[in-house]
Amino acid sequence: MDGRFEVVQSALARSFTFRLDRFTGRVWQLTRGKSESWAWEETVVPELPSLSSSTRPRFQVYLSGLDYSQTLLTDTETGKTWRFTRDNPSYVRQKSRQGYGWEIVQDG
């Protein structure tokens, strides 16, 4: 699959529906606004590399069917990984309306 954008949804909850720009790593979460209309809200991914001119897929989102805390964004070129969470906000520059955000998964 060489498409630029991909929509993925967790089987656990509708609120874990994401649109991924596979070229740049930008991620949006599907939310419901005050007017009850659906909208894509961009999430902040800390230390995401600047890749505005990328021309090929590089990022991937993984959604666990067992636990929302295993929602991962991976740079398939470098292996750098982020986790969508509300457990450890110290790595999160900005949280989504639902109180979640991305944190860097440190290499062991």
To the nearest 0.5 Å, how far apart are NZ in K80 and CD in Q106?
8.5 Å

Under the rule for side-chain hydrogen bond (donor to acceptor under 3.5 Å, both in side chains), what residues qualify as partners of S50, not counting sequence neighbours?
none

Decide yes or no for Y62 and V8: does some side-chain heavy atom of the first lie under 4.5 Å from some side-chain heavy atom of the second?
no

Rounded distance (nearest 0.5 Å) linking atom OG1 of T71 with atom CZ of F16
6.0 Å

What closest approach, in Å, do R32 and W38 show between heavy atoms, and which atom pair accounts for it?
NH2-NE1, 3.2 Å

Pairwise side-chain contact, V45 with R26, heavy-atom cut-off 4.5 Å (strictly under):
no

Once side-chain hydrogen bond (donor to acceptor under 3.5 Å, both in side chains) is applied, do any residues pair with S10, and if so which ones, sequence neighbours excluded?
none

Looking at every non-hydrogen atom in both residues, tell me the closest pair between P57 and R22 and how far apart they are.
CB-NH2, 3.3 Å

Might you work through the side-chain contact (heavy atoms from CB on, under 4.5 Å) test for W82 and V27, ending with a clear yes or no?
CA-CA 11 Å; W82 297 263; V27 182; over 6 Å; no

How long is the straight-line distance from CD of Q29 back to CZ of F18, given to the nearest 0.5 Å?
5.0 Å

In Å and rounded to the nearest 0.5 Å, what is the CG to CH2 distance from L48 to W102?
10.5 Å

Can you name the side-chain contact (heavy atoms from CB on, under 4.5 Å) partners of T81, sequence neighbours left out?
L72, T74, V105

Tell me, please, which residues at least two apart from R58 pass salt bridge (charged side-chain N to carboxylate O under 4.0 Å, His left out).
D75, E77

Shortest non-hydrogen separation from F59 to P49 and the atoms involved:
CZ-CG, 4.3 Å

Kindly compute the distance separating CG (L30) from CD (E41), expressed to the nearest 0.5 Å.
10.0 Å

List the residues meeting salt bridge (charged side-chain N to carboxylate O under 4.0 Å, His left out) with R19, not counting sequence neighbours, and say none if there are none.
none

Got a second to check how far R83's CZ is from L73's CG, nearest 0.5 Å?
13.5 Å

For F23, all residues meeting ring pair (Phe, Tyr, Trp, His ring centres under 6.0 Å), sequence neighbours excluded:
none

